[in-house]
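Heads up: the structure comes next, in structure tokens.
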Amino acid sequence: MEPIRRQQLIEATITSISRYGYADATISRISKEAGVSTGIVHHYFGSKDDLLEATMRTLLQQLRQDMVDRLATATTPEQRLYAIIDGNFADTQFDRPVIVAWLAFWAQVPHVPELARLQRVNARRLRSNLLHELRKLVPVALAVETATGLAALIDGLWLRASLDGVENAAVARAIVRSYLASQLKNHLEPTH
């Protein structure tokens, strides 16, 4: 029952943050959304910060799984790069309540050391995955530049979706893929 209850509370947290914002997603609202008492929330998580951390860990695990699933069928470096991009814009990740929860997470990073640590791990993992494949295709300097650009586009499109309220994963994927293709094309074209 514990894993089911914890997942139920995490889903209620995502919904509450989406509806009310982080500051107003109180333990009371989260427990009401989950259909449980506030005591149950405190029993499983202790505090709102603990619940947010668990929620972010769950979202990070889902993000990782979305990428792993796509990487399992990718055989070339280009396919692996597309799998990484597509994993970041999977339906499970690019859903309005999830986007808002990620934004709340990012907003709390400067104030909550454990969330800052999780963000660093996530950013490093993305960069490492991108660089690993890019180094097979282009010189190291261009791989670093391209990985930085890809990560910025991914984060920027997420931010834009949260601010504009427009969630279109296909458009986001196309923009990031286009950037990658242009970087690779520019490297492969002979100079005159």
Side-chain angles (χ1 to χ4, degrees), residues 7 10-22 25 52 55-109 118-138 142-189:
Q7 184 60 34
I10 286 168
E11 289 171 11
T13 301
I14 292 169
T15 301
S16 296
I17 289 171
S18 180
R19 281 194 187 135
Y20 308 110
Y22 177 76
L52 181 61
T55 301
M56 289 306 107
R57 284 182 185 279
T58 298
L59 291 175
L60 284 166
Q61 288 167 354
Q62 183 61 55
L63 173 60
R64 184 179 181 281
Q65 191 60 53
D66 287 335
M67 281 195 276
V68 166
D69 291 346
R70 285 166 174 74
L71 287 167
T73 60
T75 57
T76 67
E78 292 94 340
Q79 289 173 349
R80 292 181 67 77
L81 287 164
Y82 291 140
I84 294 165
I85 292 165
D86 294 352
N88 276 279
F89 296 107
D91 291 342
T92 56
Q93 294 296 317
F94 212 67
D95 175 64
R96 181 81 182 146
V98 171
I99 290 170
V100 173
W102 275 108
L103 187 60
F105 163 62
W106 286 335
Q108 293 303 309
V109 163
L118 289 174
Q119 174 56 26
R120 283 190 305 275
V121 167
N122 184 46
R124 287 179 187 149
R125 180 181 299 139
L126 176 60
R127 180 175 163 75
S128 174
N129 288 336
L130 293 168
L131 277 173
H132 180 75
E133 300 306 325
L134 285 165
R135 285 183 184 141
K136 297 173 186 175
L137 300 169
V138 297
L142 182 57
V144 170
E145 177 185 315
T146 303
T148 300
L150 288 168
L153 276 170
I154 289 167
D155 288 346
L157 288 166
W158 268 85
L159 180 59
R160 182 61 46 217
S162 69
L163 297 175
D164 292 348
V166 176
E167 302 84 40
N168 191 328
V171 170
R173 280 191 299 270
I175 291 168
V176 180
R177 281 174 167 241
S178 176
Y179 170 78
L180 173 60
S182 71
Q183 290 295 95
L184 295 176
K185 181 182 177 200
N186 288 341
H187 171 69
L188 297 175
E189 285 182 350

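These values consider heavy atoms only, across backbone and side chains, with no hydrogens, waters or symmetry-generated copies.
Across every non-hydrogen atom of Y20 and A25, the tightest pair is CB-N, 4.1 Å. Across all non-hydrogen atoms, the minimal contact from I17 to A104 is CG2-CB, 3.7 Å. Nearest heavy-atom pair, L130 versus A147, reported as atom, atom and distance to 0.1 Å: CD1-O, 3.8 Å. Contact between L180 and L81 at its shortest, heavy atoms only, is CD2-CB, 3.7 Å. Across all their heavy atoms, G87 and L63 have their closest contact at O-CD1, 3.7 Å. Here the closest non-hydrogen pair linking A74 and A83 is CB-CB, 4.5 Å.
The shortest side-chain heavy-atom distance between L59 and F105 does not fall under the 4.5 Å cut-off. Side-chain contact between Q108 and L52: present, with at least one pair of heavy atoms (C-beta onward) separated by less than 4.5 Å. Taking 4.5 Å as the limit, every side-chain heavy atom of F89 sits out of range of all side-chain heavy atoms of I175. A 4.5 Å side-chain heavy-atom check between M67 and D86 finds every atom pair outside the cut-off. Taking 4.5 Å as the limit, every side-chain heavy atom of N186 sits out of range of all side-chain heavy atoms of L142. In this structure, R127 and T148 have side chains that are in contact, with non-hydrogen atoms separated by less than 4.5 Å. By the 4.5 Å heavy-atom criterion applied to side chains, T146 and Y179 are counted as neighbours. A 4.5 Å side-chain heavy-atom check between N122 and L126 finds every atom pair outside the cut-off.
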Kindly determine whether Q183 and V138 satisfy side-chain contact (heavy atoms from CB on, under 4.5 Å), including the steps that lead there.
CA-CA 9 Å; Q183 290 295 95; V138 297; over 6 Å; no
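I85 CD1 to R80 CZ: the interatomic distance, rounded to the nearest 0.5 Å, is 13.0 Å. Between atom CD of residue Q7 and atom OG1 of residue T55 there is a gap of 9.0 Å, rounded to the nearest 0.5 Å. In this structure, R173 CZ and N168 CG are separated by 8.5 Å, a value rounded to the nearest 0.5 Å. For the atom pair E11 CD and T15 OG1, the distance stands at 7.5 Å (nearest 0.5 Å). Interatomic distance, I10 CD1 to M56 CE, rounded to the nearest 0.5 Å: 9.5 Å. To the nearest 0.5 Å, atoms NE2 (H132) and CD1 (I84) are separated by 9.0 Å.
Between the side chain of Q79 and the backbone N or O of T76 there is at least one donor-acceptor pair closer than 3.5 Å.
In this structure, R70 fails the cation-pi test against Y82, since its NZ or CZ atom is not both closer than 6.0 Å to the six-membered ring centre and inside 45 degrees of the ring normal.
Among the candidates N88, L134, D155, the single residue satisfying the side-chain contact (heavy atoms from CB on, under 4.5 Å) test with L150 is L134.
For the 3.5 Å distance criterion, the side chains of Q93 and W158 fail to qualify, holding no donor opposite an acceptor. At a cut-off of 3.5 Å, with distance as the only test, no side-chain donor of E133 or N129 sits close to an acceptor on the other residue.
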